[in-house]
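Okay, so here's the structure we're looking at.
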Amino acid sequence: MNPVAEEKPTAVFLPGRNPMAEAWRRFRHNIPAMAGLIFLLGFLLLCLIGPWLTPFGFEEQNRSLGAASPGTMGEAGRHWLGTDRLGRDLLTRLLHGGRLSFLVAVAATMVSLFIGVTYGAIAAWCGGKRDAVMMRIVDLLYALPFTVFLILLMVIFERSLLLLFIAIGAIEWLTMARIVRGQVLVLKTRAFVEAARSLGRRSSALILRHVLPNSMGPIIVYTTLTIPNVMLLEAFVSFLGLGVQAPQASLGLLINEGVSAMESAPWLLFFPSVAFALSLLSLNFVGDGLRDAFNPKE
Amino acid sequence: MISACRLFFFGLTPLLLLAACGPSDTRVEEGNRTGILHVGNGAEPSNLDPQTITGLPEAKIVSTLFDGLVELHPETNEPVPAAAASWEISEDGLVYRFTLQPEGRWSNGDPVTAQDFVTSYRRKLSPRLGSRYAYMLYPLEGAEAFHRGETDDFTTVGVTALADDQLELRLHTPAAFLLDLLTHSSWFPVHADTLEAFGDLDEPNTRWTRAGNLVGNGPFRLVSWRPERFVQVEKNEHHWRSGEISLQGIYFYPISDPTTEEREFRTGRLHITNTIPPDRVAVYRDRNDPEFHSQPSFSTYYYRFNTTRPPLDNPKVRRALKLAIDREAITKEVVRGGQQPAYSYVPQGDFTDYRPGPFFQYDPDEARRLLAEAGFPEGEGFPTKEILYNTMETHRLVAEAIQDMWSEELGISVNLTNQEWQVYLETQNRLQYDISRSGWIGDYLDPNTFLDLMLTDGGNNRTGWANEEYDELITQANREMNTARRNELFAEAEALLLQEAPVAPIYFDRTNYLMSVSVQDYYTTPTGYRPYWRVNLVSE
Amino acid sequence: MEAIPTLLAVITITFFLLRLAPGGPFADERDLSPQAQAAMEAHYGLDQPLVMQYFRYLGNLARGDLGPSFRYPTRTVNEIIVDHFPVSLELGAWGLLVALSLGLGAGLLAAAYRQRPQDHTIMTLAMVGICLPTFVLGPFLVYIFSLQLGWFNVGGWSHWSDRILPGFVLGSFFAAYVARLTRNGVGESVLMDYYRTALAKGLSKRQALWKHALKPGILPTIAFLGPAAAGLLTGSFVVESVFNIPGLGQQFINAAFGRDFTVVTGLVILYAVLILFFNLTVDFLQALLDPKLRES
C-alpha cells in the first residue's frame, strides 16, 4: 500500500503531536476533572468487586434487623451503611445498584452513540439533498415529546432492562447525530481525506479509518455528558415505579425507597443520594474537563 | 467572591421576609373555629354518582351527600335509621317494609318519597347504566333477570312504593345480611328530576353530579368540586337531622401520596388523614401519639394462585406455598402497621358473629412434606414462577419477604413482577399470572361478601378455581335463616376453600390514620364508611 | 408548515400505541359484568372498528373536541386541559425564571473568574442541581423549609408562596445547564479579540463583559431553551407530584397509568404543539440575536 495513506491522519493537521496525548496532558492538570475521574474509577471498581467484599448478598434478608442504623452488627458482619426495611445490607445493595445503574447508563449511551454516529456520518458523507432530508428528520424528531413516549412505552409494554436501554438510547441519539455530522462535514474536505479518497478507498473504510477517529474529541465529550442524563432518566423511571424489577436495585430505585423513609431511616436516603450525586458530579466534571482538553482555548 | 455570595443568597432574602410574616393560624385552627373539617381523601374522586362509583375515595364523599335507608351505628355496627325511620321484616325474611322519615327532604327541598327509591333502583339495574355494583341489588326478586335484560318490565322486580312514605322490598330468598347491604352506596336514592335535566335517567356519566347540579338527600350538600384541589360540601339545611349536626362543612382533599398527606397533617392543614405512610406507623404507635388512630378494617390481604397453571393446579403445591409463609414475620417485621396475621379468608374480629377461628398455622415442615409429595422434594424441579403485584412499596416488600421465605423453606425460586394498576387487573382477569397479590375490602359486614368471591365463575374469583361442593355450601348458607347454622355452613365452606387453597390469606388490614385532637365523635366503620354528620369540632 | 405532518404522526402513533397496550380503561377491582362492559364500550364508541375510531377521533379533533375522559367520566379532555394547563404553565414560567436568573448569574460570574477557585466553586454549586433527582431535592427542601422552619405550605397551589419551592426545584435543574452554557459561551467570547480590544480601549471589565461578551455568549443558552422547555414540562411531572400541585403533568402520568386513552392522546398532542411552538420561538430569537444566522 501507499505509505502516504498509511500515515497517521492526525499528523496531517497537528504535525508532530499526538492530540490524544496532548488532551490527556491538559486533562491531568484540571483538578475537578481529575478528582471526578478518580472517584468514578474508584466507585466503579467497588461496584464491580464490592459484592465479594461484603459478607452479605444483595437480596439476603434478615427481617429481624430491619431498618438498622449504620454500623449495626449483623450475623455475618457489620452493616456499615445500615440495612433497609427487610434487613438487607445497604452497602451491598448500593454497590449492586451502582453496577446496574452504570450498566443501564453505559448501554443506553452506547445505543445512542451507535445510532447517532452512524446516522450523522452517513448524512454528512452523502451530503446534498440526502443530508438535508436526513437532518430535517432529526429536526422533526426533536419536536416530539420523547419523555412522554418513554413513559408510554414503559407503561404499555412488558418491562425489561433491554427496552429501557433502547428507549433511552433512542431518545438521546439526536444530538449525537448533529455533532458527528458537523465534524464529518468539516473533515470531509481535509487534505488527508481527499488524498485517501483519490486513492479509491471505499467510503465506509474512509469514514471508519480516517474521519471518525478525528472526530473522537467531541464524540467522547458528548458521550461522557450523556451518561449522567441517562442516569437521571433511569432515576425518573424508578420514581414512576417503572424501573428495574425487585429484588434488583438501581441507584434510582434505592433513592426512591429512601425518600419515603427520609425521617424514619435517613441513611436509606443519604447514602444512595450521595453516591448518585457524586457519580453525576464526577461525570459532569470529567465531561467538562474533556471538552476543555480537546478544545484548548487558553 | 462577595458578589458570588450575594448572588447565591439573594434568593434567601424573600424567604426570610416570608418567615417574618408567616400565617398565624393554621387551616385546622381556623376550621375548629368555623366548624369546617379538612379531610385527606386519597385519590381524586372519579365521579360522585352513588350508583356507579366503586372506590373508597368516591364512597367517602358520596356518603355525606346521600342517605341510604339505614346506616350502621359506628359503635355497635347495628343498623340504625337513616332515610327510613323504621322497618319491619316478615316472618319468612322475604319482605322488608320501610317507613321513610316524615321530614326527609332532598337538598333542593323536595320531599324524599318511596317512589324515588323505586326509580333509583330501576336506574341502578338498567343494563345501559353499566353499574359494576348492580349485583348488590340481586337479592331483590327479579333484579338479576332485569339487569341481564331478560325483561324490561320493572314491575317484576321486588321493589314497590306502597305509599309516599312506605317502601317494600321483596327478596327471592332470605338474606340475613340485607340491612347491612342497604348501607352500601348502591342502595342510595337519586333525584330523578335532576338526572333527567341532564340526560336520560339511565344514561351513564351525565353532568348531574357536577357542583351546582347535584341534588342529594344526605346531611351535606355539594358546594364545589375542583379537580385535584378539593371537594367542598356544606351542611344541608333541608336534612331532617340538620338540627343535630354541628359541622358546617367539609373539604375533601385528594392527596394520593401518603408522605405528602402526613406532612400536610403535621403542618396543621388537615384534621384527618386518609392513611399513614407504612414506615411512620411504628413511630406514632410507639410514642402513643394521641393523634394516631388505628382501627380494624373488614379486609383481607391475600395471594391468589392461578389454578390453571401447573404445578399450581395441584392443591398440595398451593397448600405448601400457603403454609410456608411466616405471617407473624410479615406483620411484625415487614408491614408493621398493627395488621393481624390471617389464618382464615374472612377477616376475624368483632365485625360479625362469624368467628370460626384459625383454619391453619404456619408450618414449614408440613409445607416441605406436601411439596415433596407433589413431586418436588426440597423444591427440586419446581419451575420458576412469578409473583405479580401492583406497583406500591408495601406490596413489593411483602412480595420480597415471601420470595425469601419460599426460597429458604421450600427451596423454590420465584420472580417478582410489578405492574400498573389497570394492567395488573387485566392480567389477573385473563388469568395470565402465576401468583398474584390481592386484597378485598368487604362491601358489607357479612362473611358472604368474602366467601361469594370464590364461587365458580364469580367475576372476582380470578383464580380459575371451581368447586361444586363449595358453591353448594355457600348457596345453602345464604338460604339459611338460623344464624348459627348459617355460620356453620360458611365455616365448612371456608375450611374447604383453605384446604384447596386457591388463595393464601396473609393478613387482615387496618385503617391507620392521623386525626387532630380537636375532632370528636369521628368514626370509621370496618367497611370504610365515615358518618361525618356526627363529628363535633372543639377549639382549644 | 412541517408542523402538521409531525403532529399527525404523533397523533397516529399515540392512538394506535395505546390500543396495543394491555389493560383497558374499564378494568377495576370490582368486576364489570359483560352487559355493563358492552354498555360502556358502546357509550364511548369503543365497539367500532379501530380505523373507524381513529377517523372519528381525527374528525372530532379538527373541530377542537378531544373527547371525554374515561377515568373522570363527567369531564372532557378539553375541560381537563383548561383546568390544569394554566397551573403547569405558571409552574414552568417560575421554573424558567429561576433557571435563567440563577443560571445566567452563576454562568457570568464563573466566566469572569474563569479557571480560578471562584469559578470551580460556583460551577460545583450550580451542578448540584443536575446531580440530585428532583424527587430528592423536593421532599428534602419541604422537610427543611416547611416542616422544620414552617415557612411554606407542604404542597398545594393556593397561596402565592406555594410557587416558591416548586419553582426553585424545577428551575434549579435547568439553572445548572444554563450556567454551564453561559460560562462556556461567555468564557469563549472573553478570549476573542474584540473583547480584548474593548478592554484595551479602557472599558472596565464589567462594562466590557456586559457589552461585548454577553450577547454572543448567551446564544448557546437561547438555543438550549427549546429542549429546556420540553424538559420543564417533563420535570413538572415529578415536581407536581412531589408538591401535590394540580397541574397537567400529574394528569398525564395518571392517565397513562389508568389507560385513559383520550386524555393521553389529547395531552400528547398538546405537548407536541407546545414543543413545536417553543422551537419556533427559539429559532426566531436566535435569528434576532445572531447576525450571521440572520444573513443566511
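Proteins come first, then strands; the chains are lettered A, B, ... in the order of their sequence lines, and each starts at number 1. No hydrogens, no waters, no symmetry mates; every other heavy atom, side chains included, goes into these values.
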**Request:** Report the C-alpha distance between Arg226(B) and Asp83(C) in whole Å, list the side-chain angles of each, state the deciding distance to 0.1 Å, and finish with yes or no for side chain to side chain contact (heavy atoms under 4.5 Å, CB included).
**Result:** CA-CA 9 Å; Arg226(B) 303 204 57 204; Asp83(C) 255 356; 5.7 Å; no
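Taking each heavy atom of Ser46(B) and Pro73(C) in turn, the nearest pair found is O-CD, 3.4 Å. Counting all heavy atoms, side chain and backbone alike, Ser146(C) lies closest to Thr267(B) at O-CG2, 3.9 Å. The minimum heavy-atom distance between Pro227(B) and Pro246(C), with the atom names listed, is O-CB, 4.4 Å.
A heavy-atom distance below 4.5 Å is found between the side chains of Thr260(B) and Val154(C). Side-chain contact between Val87(C) and Arg229(B) is present, with heavy atoms from C-beta onward closer than 4.5 Å.
Heavy atoms closer than 4.5 Å to chain C are found in the backbone of Leu129(B), but not in its side chain. Of the two parts of Pro68(C), neither the backbone nor the side chain holds a non-hydrogen atom closer than 4.5 Å to a non-hydrogen atom of chain B. There is no contact between Thr259(B) and chain C, counting heavy-atom distances below 4.5 Å. When heavy atoms are compared at a cutoff of 4.5 Å, Phe70(C) does not approach chain B at all. Looking at Phe168(C), neither its backbone nor its side chain comes within 4.5 Å of chain B, counting heavy atoms on both sides.
One distance of note links CZ of Arg27(B) with CG of Asn153(C); it measures 7.5 Å at 0.5 Å rounding. We find the CZ-OG distance between Arg269(B) and Ser158(C) to be 5.5 Å, quoted to the nearest 0.5 Å. The NE2 atom of His43(C) sits 8.0 Å away from atom CZ of Arg128(B), with the distance rounded to the nearest 0.5 Å. The CH2 atom of Trp225(B) sits 4.5 Å away from atom OG1 of Thr74(C), with the distance rounded to the nearest 0.5 Å.
If you tally non-hydrogen atom pairs under 4.5 Å between each of His147(B), Arg210(B), Glu261(B) and chain C, the highest count goes to Arg210(B). Highest contact tally toward chain B, considering only Gln250(C), Gln251(C), Glu79(C), is held by Glu79(C) [criterion: heavy-atom pairs under 4.5 Å]. Counting heavy-atom pairs closer than 4.5 Å to chain B, the top-ranked of the candidates Leu147(C), Asn254(C), Ile245(C) is Leu147(C). In terms of heavy-atom pairs under 4.5 Å with chain C, the best-connected choice from Arg266(B), Glu203(B), Gln428(B), Gln432(B) is Arg266(B).
More than 12 heavy atoms of other residues, nucleotides or ligands sit less than 6.0 Å from atom CZ of Phe173(C). Around atom CZ of Phe140(C), no more than 12 heavy atoms belonging to other residues, nucleotides or ligands sit under 6.0 Å away.
The residues Arg75(C) and Glu228(B) are annotated as not salt-bridged, no charged nitrogen and carboxylate oxygen being separated by less than 4.0 angstrom.
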